[in-house]
Amino acid sequence: MLRKQHGLGELELAILKTVWQFPGSTVQELTEILAKERACARTTILTVVQRLHSKGFLKRKKVDGVFRFSPTEDRGEVISRLIRQFVEKVLDGSAAPFVAYLANTKNLTEDQASQLQTIVEQLEKNEEGR
């Protein structure tokens, strides 16, 4: 798919996160929600929403003369792809520096640490099965 070739900028990701949280939002609604976090003109939000639509991240449906935008993929799929792109492009395909960063992060909650432990255990099982 075409969207797999595209990364996401900071504002694009903020808008996409908002649409995941509030699917079916209009540009005006997105502008009002995002205004609580950052100063962006409605025209800027419109431009970025149109870009996300053209990249294939958003779909739109006209309801009562206004476009309502929804995500084309769930959050997990997009986040996984972005992490994979980061590992491939920035870390030359090695996830080890990323995992080392996570292991040394002091801000992890007990639940997040438990999730990481589960992932490590799954990786070990996958290795044993090879």
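All values reported here derive from a predicted model rather than from experimental measurement. If you read the sequence from its start, that first residue is 1, and numbering goes on from there.
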Could you give the distance from OG (Ser25) to CD1 (Ile15), rounded to the nearest 0.5 Å? 11.0 Å
Does one hydrophobic cluster hold both Ile79 and Val87, with members joined at side-chain heavy-atom distances below 4.5 Å? yes
Looking only at atom types and distance, does a side-chain atom of Thr72 sit under 3.5 Å from a main-chain N or O of Phe57, one as donor and one as acceptor? yes
Tell me whether the count of non-hydrogen atoms from other residues, nucleotides or ligands lying under 6.0 Å of CD in Gln122 goes above 12. yes
Minimal heavy-atom distance between Gln112 and Leu108, with the atoms involved, is OE1-CA, 3.4 Å
Under the side-chain contact (heavy atoms from CB on, under 4.5 Å) test against Ile45, which residue among Thr43, Val48, Val49 passes? Val49
On a heavy-atom basis, the closest approach of Pro23 and Pro71 is CB-CD, 4.2 Å
If I take atom OG1 from residue Thr18 and atom CG from residue Leu13, how far apart are they, to the nearest 0.5 angstrom? 9.0 Å
For Val27, does its backbone N or O pair with a side-chain atom of Thr31 as donor and acceptor, under 3.5 Å? yes
Flag yes if Leu8 and Ile33 sit in one hydrophobic cluster, no otherwise; membership is Ile, Leu, Val, Met, Phe, Trp, Tyr, and two members link when side-chain heavy atoms are under 4.5 Å apart. no
According to a hydrophobic-cluster definition based on side-chain heavy atoms being under 4.5 Å apart (Ile, Leu, Val, Met, Phe, Trp, Tyr only), do Leu116 and Phe86 belong together? yes
Same cluster or not: are Trp20 and Phe67 linked, directly or through other Ile, Leu, Val, Met, Phe, Trp or Tyr residues, by side-chain heavy atoms under 4.5 angstrom apart? yes
If you measure from CZ on Arg68 to CG on Leu30, what distance do you get to the nearest 0.5 Å? 10.0 Å
Which one of Thr47, Thr44, Leu52, Leu16 satisfies the side-chain contact (heavy atoms from CB on, under 4.5 Å) criterion with Leu11? Thr44
Positive for side-chain contact (heavy atoms from CB on, under 4.5 Å) with Leu34, one of Glu37, Glu32, Lys36: Glu37
Indicate yes or no: does Glu10 engage Arg38 in a salt bridge with an N to O separation below 4.0 Å. yes
Check the angle between the aromatic planes of Tyr101 and Phe98 and answer parallel, tilted or perpendicular using the 30° and 60° thresholds. parallel
Could you state the interatomic distance from CZ (Arg75) to CD (Gln21), rounded to the nearest 0.5 Å? 8.5 Å
Ignoring hydrogens and angles, tell me if any N or O in the side chain of Ser94 forms a donor-acceptor pair with the backbone of Leu91 under 3.5 Å. no
Glu121 and Gln117: CA distance, side-chain angles, deciding distance, side-chain contact (heavy atoms from CB on, under 4.5 Å) verdict: CA-CA 6 Å; Glu121 290 168 3; Gln117 182 62 41; 3.2 Å; yes
When every non-hydrogen atom of His53 is compared with those of Lys59, the smallest separation belongs to CD2-CA, 4.1 Å
